[in-house]
6 protein chains.
Amino acid sequence: MEEFQQRAQVLIEAIPYIRSFHGKTFVIKYGGNAMINPEIKKAVMLDIILLKYLGLNPVIVHGGGPEISEMLKRVGVKSTFYQGLRVTDADTVEIVNMVLAGKINKELVTMINQFGGKAVGLSGQDSQLLVARKKQLDNDQVDLGFVGEVVAIKPELLHFLIEKSYIPVVATIGVGADGEFYNINADTVAGELAAALKAEKLIILTDTEGIYADPQDQSSLLSMINIEQARTMIHSGQIEGGMVPKVEACIYALQHGVSRTHIIDGRRFHTLLLEVLTDQGIGTMVVE
Amino acid sequence: MEEFQQRAQVLIEAIPYIRSFHGKTFVIKYGGNAMINPEIKKAVMLDIILLKYLGLNPVIVHGGGPEISEMLKRVGVKSTFYQGLRVTDADTVEIVNMVLAGKINKELVTMINQFGGKAVGLSGQDSQLLVARKKQLDNDQVDLGFVGEVVAIKPELLHFLIEKSYIPVVATIGVGADGEFYNINADTVAGELAAALKAEKLIILTDTEGIYADPQDQSSLLSMINIEQARTMIHSGQIEGGMVPKVEACIYALQHGVSRTHIIDGRRFHTLLLEVLTDQGIGTMVVE
Amino acid sequence: MEEFQQRAQVLIEAIPYIRSFHGKTFVIKYGGNAMINPEIKKAVMLDIILLKYLGLNPVIVHGGGPEISEMLKRVGVKSTFYQGLRVTDADTVEIVNMVLAGKINKELVTMINQFGGKAVGLSGQDSQLLVARKKQLDNDQVDLGFVGEVVAIKPELLHFLIEKSYIPVVATIGVGADGEFYNINADTVAGELAAALKAEKLIILTDTEGIYADPQDQSSLLSMINIEQARTMIHSGQIEGGMVPKVEACIYALQHGVSRTHIIDGRRFHTLLLEVLTDQGIGTMVVE
Amino acid sequence: MEEFQQRAQVLIEAIPYIRSFHGKTFVIKYGGNAMINPEIKKAVMLDIILLKYLGLNPVIVHGGGPEISEMLKRVGVKSTFYQGLRVTDADTVEIVNMVLAGKINKELVTMINQFGGKAVGLSGQDSQLLVARKKQLDNDQVDLGFVGEVVAIKPELLHFLIEKSYIPVVATIGVGADGEFYNINADTVAGELAAALKAEKLIILTDTEGIYADPQDQSSLLSMINIEQARTMIHSGQIEGGMVPKVEACIYALQHGVSRTHIIDGRRFHTLLLEVLTDQGIGTMVVE
Amino acid sequence: MEEFQQRAQVLIEAIPYIRSFHGKTFVIKYGGNAMINPEIKKAVMLDIILLKYLGLNPVIVHGGGPEISEMLKRVGVKSTFYQGLRVTDADTVEIVNMVLAGKINKELVTMINQFGGKAVGLSGQDSQLLVARKKQLDNDQVDLGFVGEVVAIKPELLHFLIEKSYIPVVATIGVGADGEFYNINADTVAGELAAALKAEKLIILTDTEGIYADPQDQSSLLSMINIEQARTMIHSGQIEGGMVPKVEACIYALQHGVSRTHIIDGRRFHTLLLEVLTDQGIGTMVVE
Amino acid sequence: MEEFQQRAQVLIEAIPYIRSFHGKTFVIKYGGNAMINPEIKKAVMLDIILLKYLGLNPVIVHGGGPEISEMLKRVGVKSTFYQGLRVTDADTVEIVNMVLAGKINKELVTMINQFGGKAVGLSGQDSQLLVARKKQLDNDQVDLGFVGEVVAIKPELLHFLIEKSYIPVVATIGVGADGEFYNINADTVAGELAAALKAEKLIILTDTEGIYADPQDQSSLLSMINIEQARTMIHSGQIEGGMVPKVEACIYALQHGVSRTHIIDGRRFHTLLLEVLTDQGIGTMVVE
């Protein structure tokens with residue numbers, strides 16, 4: 001019992017956070033390598049269920065990563081890359097869509113429902129949530145195929161599901177005016193969605209601790225950077241690779257009315273709760 | 001203009017039907033070979049959009065058929081069959097789920113949205129719409145794997161979506177208490193769903209004209225049969241193959257409060273409108 | 001069946017119009033000679049019922065014309081006219097009111113209800129829908145009696161009936177602050193009502209094809225004129241007689257937020273549907 | 001001020017009645033000779049407005065009487081009578097309808113609106129409020145023409161209007177399945193409507209003090225009679241003429257769930273308030 | 001009956017007031033010596049109940065006065081005064097709170113409920129209705145203890161209760177950020193509350209007839225003064241003592257959107273009704 | 001961080017309880033000696049706030065005990081007792097009411113509001129929540145004065161406050177038909193209220209660990225007893241004193257539809273959370 005009493009303290013101390021976040025929307029990007037460990041995946045889903053019961057409104061945006069590659073391999077589709085972006089032909093986008101919207105999405109939904117939440121899986125086609133178009137590179141000579149960018153968000157369905165106590169889980173396939181499907185970067189969608197929903201926070205769970213001043217030096221984790229610093233670091237290459245769209249999503253969200261954005265470690269247990277329900281700073285907060 | 005005036009007549013004559021079906025739910029099973037012709041597929045979606053605008057509440061239940069087989073072939077999964085049922089191992093159900101929930105479902109949703117409706121795609125995992133379990137054969141020695149049967153329907157989400165003017169599109173993957181996915185016959189799901197939603201009608205679009213007294217004789221189409229006759233015909237083998245679950249779905253729906261059930265030809269244009277908005281009997285009506 | 005399939009096409013092609021007009025209000029002026037043919041009258045009512053079922057919100061404004069004259073004759077009241085306006089003494093306005101609010105209004109309501117709609121008849125007295133005052137002529141020496149003009153519209157009751165799925169049918173009797181009844185031109189009321197309801201369209205059904213460049217030349221029908229042209233034509237006398245208040249009602253509506261105004265032929269079948277549900281221009285559209 | 005203080009007492013003493021009748025419906029029949037004196041008519045309307053402001057829901061049912069006869073005379077229609085009922089041919093019913101729905105109804109509505117209430121006038125055609133059929137006499141050889149009886153009441157519209165704070169004013173013209181109009185006795189309609197609305201009270205304002213034990217003896221006013229006594233008195237002829245349908249309306253209402261029914265003097269000021277807001281019995285109460 | 005008819009007139013004449021005040025909020029300050037006479041207290045409560053039934057929304061703010069002094073005496077707490085303000089130590093504020101929130105408040109609530117209304121008693125602690133802080137005198141050297149001033153009003157709970165037909169009764173204890181209780185002048189609270197609720201009127205019932213030009217001369221009652229005059233009179237001492245916070249409450253309310261403010265005699269019967277429901281000016285109206 | 005992760009586990013494990021208790025009402029009796037320690041009092045309030053944020057609906061019923069005695073002493077009122085019940089004269093009930101409704105109630109409300117909840121304090125007078133009458137002893141010769149028993153609960157106000165996210169705090173003063181105040185045992189009120197609200201649980205926080213088989217033997221704590229056992233123990237005197245009304249409240253609640261009743265130790269931290277959010281049995285559960 002004493003142990004319980006000590007532990008209950010964590011809840012009691014969270015009251016001010018619970019109170020101030022009551023009824024607010026939190027867009028949580030979850031995906032890629034942070035999604036590999038099944039124990040952690042379960043813990044993340046439980047954290048999200050708990051946030052919902054505490055009166056917050058989490059919206060999950062997920063990517064796919066490894067499972068897409070694996071399925072492409074199984075059906076024998078080979079990918080070429082241009083500047084780190086997968087050239088996505090019709091065959092590829094069909095597989096990407098099936099893996100994201102048909103497999104990963106439904107697995108996350110199933111986990112949430114199994115552990116006590118009420119989730120609904122959506123992808124950008126549903127109620128035209130994500131209207132997309134072909135992403136244009138500056139260099140016109142490379143055709144990335146069905147790699148898309150967001151033209152418009154139609155969040156009505158999300159608002160309605162949130163109000164009815166569901167946890168929406170969003171696969172980041174967009175749909176063009178022509179009915180074509182486009183694969184869109186999940187970090188980018190998370191930033192756009194946070195903006196469209198006027199979210200309180202955008203939280204990106206990833207497979208590092210956050211942003212490092214020096215990527216080689218794990219002791220150089222930055223607890224906070226502002227937009228200007230972030231841009232300088234992207235320009236200088238200090239922020240690079242998959243971290244770039246994450247930081248850009250944070251910047252976009254901040255510039256469109258989201259109060260706080262965070263890049264935190266999705267490989268450790270309950271970092272999401274720690275971020276939301278305590279004053280312990282973890283990961284990197286990107287601020288205006 | 002004169003032509004228009006003549007044509008407008010079709011609308012005017014439909015008023016009594018529109019009136020009496022206002023706000024009622026119609027479960028429409030669409031799938032298999034009836035889904036192959038893209039022109040017809042578009043016409044079916046347009047009919048459904050129109051019914052929605054006329055104040056009726058269509059709910060689409062779809063199967064997969066040919067596309068599943070094709071994808072299984074692409075990934076090199078071979079199927080064995082037992083009494084016409086595909087033995088569905090873990091690999092197979094993963095593919096089935098991806099094709100149904102990730103591909104066909106989202107394609108139907110996209111078509112509806114593109115042509116002027118507002119659709120949301122769901123599969124049985126979403127909000128635990130279809131709670132399933134492993135289907136037990138009488139003969140215990142054959143294990144069909146992840147072939148499922150419905151344990152419970154949780155239609156709350158469908159009610160919400162209908163009320164908010166969405167057209168729900170349902171992929172027939174069920175989810176077990178253990179979180180496993182099960183492939184369930186789409187006709188069966190349509191019957192169960194019609195019952196759970198207390199639908200006005202269950203309409204099964206298929207690739208024949210309806211039920212024939214003599215399957216070999218196309219002039220023997222039956223415009224109406226009752227439950228008893230239907231059972232006799234199943235027993236005698238007059239109704240056989242894929243028609244059996246269709247007829248059984250009708251019987252189940254009728255016995256659980258659905259007013260009318262119809263098996264109609266999904267290969268011809270606007271048979272759905274013809275069935276709902278006129279007094280011209282088409283296909284076979286199964287009655288109590 | 002083939003015939004039906006062809007005809008169904010008319011509905012399918014109407015989907016974009018149904019969609020974009022969903023929930024919008026349409027003020028439809030119907031009266032005078034366009035109302036004489038009982039077959040056409042029935043067809044107009046059916047068109048209106050259908051528009052309602054398609055999710056549009058028609059509001060009918062009607063005049064009286066021939067039936068008023070006939071009743072005045074029956075009770076032996078003689079009318080004098082000044083500049084085309086009936087000098088309306090107390091006896092006359094009593095008859096006008098009875099014929100409009102008690103006879104024509106209730107007959108239209110009855111037809112709509114009989115053919116499958118849900119109509120409620122109102123006149124300007126109800127919930128003070130049309131607050132009126134004595135119409136002042138520039139020339140003070142002629143007293144038109146109880147000929148009125150609109151002082152204020154109180155549309156609350158209409159909004160409420162529309163929301164509850166009723167089709168309001170409005171007789172154009174206004175009521176003064178003193179409780180006196182005033183006869184108001186029905187075209188004028190239709191224009192004011194369209195403005196007050198922020199209607200999508202004002203459609204005036206009349207007994208010509210529309211506005212002619214040369215009233216003597218039936219081939220000179222104008223498919224569109226703007227406000228400036230309309231004013232010039234009124235000034236020059238090209239638009240004259242009963243067409244003047246119709247055009248002025250259109251101008252008033254356009255200047256108070258109504259998107260489109262149309263003067264169309266009410267003597268032919270289904271011109272209303274043709275105007276609303278197709279892109280075939282009929283009659284004359286008056287635009288800003 | 002002292003005078004006011006004394007008078008305010010009447011309000012204070014009414015509180016228990018106001019409280020217990022809050023939100024309850026009162027069907028008030030008003031018509032015939034009780035309607036002739038304009039000062040009294042105004043006072044009755046004011047009483048009704050006040051009851052509405054006090055939270056009660058009055059519904060007015062009115063007849064026509066003298067004004068119908070006068071208009072029939074003006075248009076030269078002669079009436080024959082059979083057993084006190086006017087034989088009503090097509091011409092007659094047209095006039096009756098116009099006078100009731102177009103004149104008297106709108107005049108009452110106008111008075112209420114002018115004195116501070118919010119009234120809407122309806123007749124049986126509106127939203128099919130009063131579905132009627134030809135009244136059958138036992139003696140088949142006499143055809144009363146368009147004299148009707150109630151087949152069904154559709155009170156939905158009344159409920160809506162009451163809820164939105166309107167005072168409904170009902171003219172007693174019924175509409176047949178064939179669209180024909182029928183003149184129905186206003187007392188009868190009041191009784192049916194009270195039953196359909198599950199009214200708290202049916203109050204019939206008339207031009208006598210109530211029911212007399214001996215119609216010749218004004219001192220024999222009965223303050224209360226039960227259904228059995230009422231029937232005996234009708235049978236014996238003690239209750240006769242226009243009082244018969246009044247008493248039968250009370251009986252009908254009582255037998256269909258109305259709590260109290262009253263026949264009171266409509267020729268004196270504020271008898272309505274006196275009946276509803278005090279414990280002073282006036283007129284005759286008919287009880288089960 | 002004739003007497004009743006005369007009296008009913010008072011109600012009828014009140015209709016325009018009832019109509020224009022429908023759904024409006026009236027903050028009524030009641031307290032001190034005006035509360036002593038139990039017959040008057042009952043009459044005031046009845047007036048308030050009646051206003052509620054007539055569709056107005058009274059909110060009662062009460063003080064304590066004599067009963068506080070009596071209880072302080074019983075428990076042997078002695079008070080010192082500074083400039084007419086009671087120096088309020090911890091012991092004193094505890095007693096003040098108990099008498100106001102526990103005794104007087106619940107007695108008023110009980111009377112209202114007993115006589116036919118539905119009251120709920122609140123004090124400033126409830127839902128943090130009155131957020132307070134220590135009142136600062138210009139002269140820092142005197143510590144008044146727990147005498148408070150309003151920092152913020154949180155009227156959400158009042159809005160809810162009003163909407164649900166309750167009459168809120170408010171005791172004027174405020175609560176500090178530190179959880180301490182503060183005694184706040186009831187007139188001041190009434191003014192602040194009227195402002196926060198955007199009340200139609202603030203009515204202060206007191207134990208004089210209103211404001212006198214010359215306090216010594218009872219014939220010098222002022223029926224109306226404006227803010228500027230009021231300030232001059234406070235400055236000159238013509239308005240003094242307990243009348244000062246009353247007038248200041250009126251000024252505050254007027255400057256924050258309240259339409260009318262009145263100081264009237266609470267020692268006479270039904271002055272509240274007289275003020276609200278007639279055009280007889282009583283007491284003093286303070287205007288902008 | 002590791003410590004947090006461990007602690008977060010307590011929340012995660014609570015999800016099934018949070019889920020199944022979502023939207024359910026919990027009546028929590030708190031009072032007497034369990035209320036003395038200010039640290040514990042704060043902890044109890046925090047537990048209750050947390051339960052509210054977790055979606056449960058706590059309703060607090062409190063007694064007074066020591067503070068009442070102290071105030072009676074201060075004002076010099078002496079109490080006599082009969083069979084453990086305080087003989088409560090008019091002076092006494094006045095003090096009891098002030099202490100309960102004016103002091104303790106408002107202090108609990110203030111604490112909850114200060115620590116992040118939204119509380120409203122009520123006593124039985126508010127909206128006639130607790131209708132009471134004089135408690136009759138079997139022995140007629142002793143007059144206990146204003147000691148009351150519950151005649152009726154009017155829970156409408158509580159339902160409404162709960163729905164609007166408030167935590168109601170109830171002081172157990174009842175009000176008689178005559179407007180008199182009665183002191184009612186707080187355990188008894190808690191049981192009646194739990195029944196009237198159809199609560200999920202009644203939890204009585206007290207100053208022992210629960211019910212002992214042998215009150216002298218602290219190791220004899222009973223984790224569960226049924227109604228029959230409880231009655232036997234009361235009869236035999238094993239349950240005695242202040243525990244009797246607690247157990248009787250549990251029995252009453254169980255017999256009127258409350259699912260579970262618990263008597264737990266209110267002197268230790270977070271026992272309330274432990275009881276509600278874990279499967280660790282604490283205290284004594286009384287079951288049917």
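So you know, we letter chains A, B, ... as the sequences are listed, proteins then strands, and number each from 1.
Between the CG atom in C:Leu11 and the CG atom in B:Leu11 there is a gap of 3.5 Å [rounded to 0.5 Å]. Note that the CD1 atom of C:Ile15 and the CZ atom of B:Phe115 stand 9.5 Å from one another [nearest 0.5 Å]. Taking CZ of C:Arg19 as the start and NZ of B:Lys52 as the end, the distance is 14.0 Å to the nearest 0.5 Å. For the atom pair CG of C:Leu56 and OH of B:Tyr53, the computed distance is 11.0 Å after rounding to the nearest 0.5 Å.
Taking the side chain as every heavy atom from C-beta outward, B:Ile12 and C:Asp47 approach each other to under 4.5 Å. Considering only heavy atoms from C-beta on, B:Ile18 comes within 4.5 Å of C:Leu50 through its side chain.
Using a 4.5 Å cut-off between heavy atoms, B:Ser20 makes no contact with chain C at all.
No more than 12 heavy atoms of other residues, nucleotides or ligands sit less than 6.0 Å from atom NZ of B:Lys164.
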